[in-house]
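To start, the structure under review is shown below, and the notes come after it.
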Amino acid sequence: MIDLIRKLTEAYGPSGREEEVHNLILQELEGHVDGYKFDNVGNLLVWKAGTTGKKVLFDAHADEIGLVVTNIDERGFLRVESVGGVPPHSYVGHRVRFPNAIGVVYVEGETEEERKKNFTNLNLDNMFVDIGARNRDEAMKVVPIGSFGIYDSHFFKNGDLLISKSMDDRIGCAIIVEILRRVKKPRNTIIGSFTVQEEVGLIGASVAAYSLVPDVCVAVDVTDSSDYPKSFKRHSMALGKGPAIKIKDRASISNRGVVEKLIEVAEQEKIPYQMEVLTFGGTNAAALQRTRAGIPSATVSIATRYVHSPSEIVSLEDVENTVELLINYAGKGV
Amino acid sequence: MDVKELIKELSSLDGPSGYEKAVLELIEKKIEPLVDRVWYNKVGTLIAEKKGTGSGRLGIFAHADEVGYVVTKLEKGLFARLETIGGVDPKVIFAQRVKIYTAKGIAKGIVGVLPPHLQKEEHRSKVPSFDKIFVDLSCSELGEYVSVGDICVVDVKPVELNGKLCGKAMDNRAGCASLILAAQLLRNIRNYQDVYFVFSSQEEVTGLGAVSIAYELRLDRAIVVDVTHGDVKIPQFVQIKTGEGPALCVGPVIDKEFYSKLYQTAQRNNVKIQIEPAPGRSGTDTDEVQLSGTGVRTTLVSIPLMYMHTPVEVVDPRDVEETARLLALATTIE
Amino acid sequence: MYLKELTELDGVSGNEQQVREFISDKIKDKVDELKVDVLGNLIAYRKGTKGGRKIVLAAHMDEVGFMVTNIEDDGTLAFAPVGGVETQVMVGKIVRINGQTLGAIGYKAIHIQDKEQILKPLSIDQLRVYIGAKSKEEAARQVKIGDYVAFTTTFDQENNRLTGKAFDDRAGCSVLMDIIDKIDRYEDDVYFAFLVQEEVGLRGSAVVVEQIHPDIAIVIEGTTAGDDPELPEYQWATHLGDGPAITFMHRGYVVNKRVYESIIEVAEKYSIAHQAKRRTAGGTDAARFARTGAGTAAAVVSVPSRYIHSPVSMIDLNDYNNTVLLLQKILEQGEAFAR
């Protein structure tokens with residue numbers, strides 16, 4: 001599974017440009033699903049048929065946050081805007097990977113005073129990207145306006161901890177792939193949805209469940225792990241405490257029935273778990289639950305340190321326990 | 001049914017968004033004898049149906065949920081941290097008794113506050129946010145059983161103030177009461193349209209309850225009953241008064257034709273009404289109900305209320321009765 | 001081109017009937033079907049020669065404006081914006097209430113303002129509409145709470161530039177009407193959707209997908225330019241005269257890659273001037289089309305427009321004509337989307 005996580009987290013897939021991730025998932029799932037399709041907005045849906053007629057949908061978003069090129073100056077420097085919630089400070093002096101180039105991100109400042117000011121109030125409006133082009137035309141050829149970039153960052157295993165960009169939400173993708181590989185004969189049909197554009201506006205998840213109409217949806221996503229120095233003081237989530245069963249975040253309240261069932265399954269199977277209340281953010285569950293006449297939905301999260309940074313950290317043990325919990329839930333949830 | 005007792009009874013029950021069960025069960029008991037059929041949809045909304053003599057499908061909506069709190073973290077020494085469910089001003093929760101629904105029963109708590117003697121300028125100059133607010137559970141035998149994700153509400157009982165009623169969750173139990181009273185009036189007024197009384201979940205957070213059932217029922221028309229700010233001057237806006245009858249909303253989210261029929265019905269039957277403009281969205285379930293499926297002709301009827309989202313919300317029971325009368329008459333519109 | 005007539009009509013969000021009636025009247029004999037839906041969207045349909053695929057071209061009929069929110073004792077009207085209008089464009093304008101009554105938004109003369117007051121942005125509760133009434137009763141005979149208020153700017157055309165109000169998005173409406181006039185049939189089924197309530201949260205478009213179940217939607221907008229001396233060139237969103245603006249991403253939505261690339265391909269094939277929309281702020285109905293029902297592959301093509309969301313905006317005639325041409329070619333080259 002580590003190899004799967006490495007491949008998925010290192011793939012290129014900013015919001016709206018998820019093809020590479022989708023292709024990789026299809027490759028990894030070959031022989032493990034009964035069918036797949038791409039819908040109108042580009043979501044990848046896969047399924048493995050059960051025998052009960054009931055359907056459980058597990059969702060993970062395929063996209064990651066990034067930058068998009070909006071202007072290029074005559075000397076070939078790029079101006080960028082954010083794709084999803086990018087913290088500009090993560091990019092200062094770091095590299096951004098475009099499909100055909102790697103750029104360095106830096107900050108304007110014509111005087112020491114101005115530079116200091118710009119560094120304290122970081123804003124993409126006074127930052128730029130250097131791809132080594134000599135002029136506008138040269139830059140336009142390699143990275144035309146409308147090109148999307150991501151963190152140029154790599155996977156690293158540090159003991160039980162896994163470090164990479166885009167654990168949000170490739171770790172969810174990896175978990176769902178792993179579930180579909182491990183479950184040979186599902187009782188209930190398992191649908192995997194690898195949705196697009198979560199980071200910009202829950203676009204994919206708003207329509208992903210429309211055609212297959214599952215009985216229940218579980219979004220598998222990351223959540224803030226508040227177990228580092230001076231981390232968010234009202235959060236209780238921590239690495240190694242097991243899958244986090246979400247009660248609420250700013251965008252949704254998990255369906256009470258689904259939450260109770262998840263807890264019941266975890267207790268029965270003696271799988272460690274933690275409860276989660278996140279004081280900001282949101283997941284695809286907010287959109288999935290609104291499909292048609294409503295679908296009971298919840299989120300199961302992987303506690304993750306430094307979400308939206310180039311080095312998001314998760315615990316392998318939590319990942320394994322999440323796979324176990326969801327495999328059991330898929331069989332008993334509905 | 002005594003209107004004051006009904007409102008008080010509803011206000012006394014606890015039902016923050018997603019956890020409306022107790023409230024809905026009472027409503028179900030009250031309304032069942034008055035209608036043809038009651039049922040719950042998949043995401044926790046209660047529907048009571050009364051067939052009409054003519055044609056058309058009219059939904060009458062009131063949300064059953066209220067704002068509240070959820071435990072996010074436990075601190076050493078039997079203290080808990082909270083997150084809000086819905087929009088709550090931190091100023092209203094200091095030095096309140098609260099109830100926390102644990103797996104073992106209701107735990108009691110007190111929201112602590114620093115006495116003036118120990119306050120410094122930094123404390124006096126700023127209202128503590130929820131990052132600083134805590135619940136002291138040491139006064140409860142069940143305190144040790146409180147866990148992350150448990151639902152919390154302020155422990156208050158409704159009181160009568162010179163004929164007006166004061167308590168928590170009048171938003172929108174007053175609305176719920178008006179629907180029950182309208183159902184009662186339909187024993188004497190025959191409804192032309194098929195009427196669906198909808199007691200929706202989660203209005204205070206996502207509007208999931210209303211939007212899901214509106215889609216399922218494929219309504220022709222909908223009246224949403226909620227509350228509005230009464231007896232307070234909002235710059236630029238006409239002042240809505242308690243005791244002067246429900247406010248009919250005008251604006252983009254209101255269907256002009258249905259509004260004018262409702263307005264005329266009120267005029268013909270001497271129902272006291274007020275007019276309230278909403279230049280954009282109304283901030284109620286109306287906004288989303290209008291857009292469900294292929295669209296629904298919506299109107300919004302609001303009961304004037306003072307001190308919204310505090311434990312001392314005030315309504316005038318005469319407004320609730322007048323609203324009920326308007327709703328009952330609205331079911332005769334062809 | 002119908003821009004003069006279209007932009008001189010009042011159609012603040014929620015009150016689009018003047019615009020709807022005008023368009024309906026002009027196109028009703030030219031399409032196979034025409035209907036007004038529950039929200040007030042006007043949807044015209046033209047059957048394709050081949051059929052099978054459904055394409056929606058959409059423009060919104062509504063414009064930003066105001067609503068009367070109170071009638072004061074002195075007969076003036078308190079008001080609130082409908083959609084995004086800033087107080088800096090309100091003072092010194094003539095407005096029309098309810099399509100009839102004229103009013104003025106005035107403010108204290110410069111002589112009686114403090115120095116520091118002059119450059120201080122006004123809050124809307126410092127402003128009133130004066131309609132010449134002396135009392136609440138007199139005013140209430142002509143207007144009522146909830147009435148819509150629109151700017152009254154007239155249309156003008158000179159030097160290849162068009163000026164007037166509400167180019168966002170009457171420009172799009174006019175483009176759609178021109179396309180209806182120009183060619184009869186395309187291979188695909190084409191729906192022309194004239195939408196309501198875009199400016200108050202992309203609302204009209206929310207009920208279109210469940211009625212049509214389209215494969216592709218192209219939203220035609222009058223979009224921000226920002227190409228003026230007060231903004232450095234690298235911060236411009238679009239530039240007047242460079243052709244229709246094609247959006248790759250805006251607030252809440254990355255434009256479907258397949259459709260985005262097809263549009264660029266068509267523009268390049270026919271050498272139609274075009275430009276990238278170079279800022280991502282602001283949203284359009286494309287986001288709503290994408291995230292409703294079974295989802296739609298949605299894109300945005302815009303006529304660059306200076307000074308939108310104010311009483312007077314400006315577009316370039318060539319940009320307008322190239323937008324019509326580009327969409328015509330897109331419809332003719334429908335197979336470009338089939339990849």
Side-chain angles (χ1 to χ4, degrees), chain A residues 13-19 37-43 45 63 66-75 77-84 108 124-126 128 136 140 144-148 195-213 284 287 290-292, chain C residues 53-54 56 202 206 209-210 213-217 226-227 231-239 242 245-261 263-264 268 274-284 286-299 337:
Chain A
S15 307
R17 298 291 180 271
E18 298 87 355
E19 302 88 334
K37 69 167 183 179
F38 288 97
D39 70 10
N40 278 350
V41 298
N43 293 318
L45 299 161
D63 64 319
L67 301 174
V68 62
V69 179
T70 50
N71 269 296
I72 301 177
D73 74 15
E74 62 279 7
R75 287 187 296 168
F77 290 94
L78 319 178
R79 295 286 163 169
V80 289
E81 291 187 26
S82 64
V83 179
E108 293 174 342
L124 288 175
D125 271 353
N126 45 40
F128 57 86
R136 179 185 280 143
M140 271 301 276
I145 288 173
S147 296
F148 290 74
T195 38
V196 299
Q197 302 201 30
E198 189 267 357
E199 298 289 0
V200 294
L202 310 185
I203 293 285
S206 297
V207 303
Y210 188 90
S211 60
L212 301 175
V213 205
N284 274 340
R290 296 171 83 85
T291 308
R292 293 181 185 256
Chain C
R53 222 171 29 181
K54 298 176 189 168
V56 173
L202 317 177
V209 172
E210 291 272 357
H213 302 286
D215 298 295
I216 292 162
D227 52 340
L231 213 54
E233 197 175 331
Y234 66 82
Q235 289 185 6
W236 292 359
T238 61
H239 179 44
D242 284 356
I246 303 168
T247 301
F248 48 82
M249 177 187 174
H250 64 48
R251 189 181 64 226
Y253 179 57
V254 178
V255 170
N256 184 284
K257 188 176 175 226
R258 189 166 50 92
V259 184
Y260 169 69
E261 286 176 352
I263 292 171
I264 304 246
E268 275 169 8
H274 63 283
Q275 58 185 314
K277 164 101 187 255
R278 299 185 290 282
R279 299 307 299 253
T280 65
T284 77
R288 192 63 102 157
F289 281 115
R291 62 170 196 251
T292 311
T296 312
F337 299 134

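Naming convention: chains lettered A, B, ... in sequence-line order (proteins, then strands); numbering from 1 in each chain.
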Checklist entry - Is it true that a side-chain atom of A:Q197 and a backbone atom of C:V254 form a donor plus acceptor pair closer than 3.5 Å? => result yes
Checklist outcome for this item: Ranking C:G293, C:A297, C:A287 by heavy-atom pairs under 4.5 Å to chain A gives rank one to C:G293
Item to check | Residue pairs fulfilling side-chain hydrogen bond (donor to acceptor under 3.5 Å, both in side chains) with at least one residue in residues 201-211 of chain A, sequence neighbours excluded | outcome: A:K37-A:S211, A:Y210-C:E210
Checklist entry - Looking only at atom types and distance, does a side-chain atom of A:N40 sit under 3.5 Å from a main-chain N or O of C:G295, one as donor and one as acceptor? => result yes
Next on the checklist: Under 4.5 Å from any heavy atom of chain A, what part of C:A281 do you find: side chain, backbone, both or neither?
Outcome noted: backbone
Checklist entry - Non-hydrogen atoms of chain A under 4.5 Å away: do they reach the side chain of C:V255, the backbone, both or neither? => result backbone
Checklist outcome for this item: If you tally heavy-atom pairs under 4.5 Å between each of A:G84, A:G146, A:G201, A:P144 and chain C, the highest tally belongs to A:G146
Next on the checklist: Counting heavy-atom pairs under 4.5 Å with chain C, which one of A:V200, A:D39, A:D73 comes out on top?
Outcome noted: A:V200
Checklist entry - Given that the side chain runs from C-beta out, which part of C:A276 has a heavy atom under 4.5 Å from chain A: side chain, backbone, both or neither? => result side chain
Next on the checklist: Could you check whether any side-chain heavy atom of A:E19 comes within less than 4.5 Å of a side-chain heavy atom of C:K257, counting everything from C-beta outward?
Outcome noted: yes
Checklist entry - Is it the side chain or the backbone of C:P232 that comes within 4.5 Å of chain A heavy atoms, both, or neither? => result neither
Checklist outcome for this item: Of C:Y260, C:F248, C:Y234, the largest count of non-hydrogen pairs under 4.5 angstrom with chain A goes to C:Y234
Item to check | C:Q235 and A:N71, any side-chain heavy atoms less than 4.5 Å apart | outcome: no
Checklist entry - Among A:D63, A:N43, A:V68, who wins on heavy-atom pairs under 4.5 Å with chain C? => result A:V68
Checklist outcome for this item: Heaviest contributor of heavy-atom pairs below 4.5 Å to chain C, chosen from A:R292, A:E81, A:R290, A:R17, is A:E81
Checklist entry - So how far is it from A:I203 CD1 to C:N256 CG, rounded to the nearest 0.5 Å? => result 11.0 Å
Checklist outcome for this item: The interface call for C:T280 against chain A, heavy-atom contacts under 4.5 Å, is both
Checklist entry - Between C:H250 and chain A, which part of the residue has a heavy atom less than 4.5 Å away: side chain, backbone, both or neither? => result neither
Item to check | Leading residue by heavy atom contact count with chain C [cutoff under 4.5 Å; candidates A:V196, A:I72, A:D125] | outcome: A:D125
Next on the checklist: Which atoms of A:T291 are under 4.5 Å from chain C, going by heavy atoms: the side chain, the backbone, both sets, or neither?
Outcome noted: neither
Checklist entry - Taking the side chain as C-beta and beyond, is there a heavy-atom pair between C:M249 and A:V83 under 4.5 Å? => result yes
Checklist entry - Between OG1 of A:T70 and CZ of C:R279, what distance do you get to the nearest 0.5 Å? => result 6.0 Å
Checklist entry - Heavy-atom distance under 4.5 Å to chain A: side chain of C:T247, backbone, both or neither? => result neither
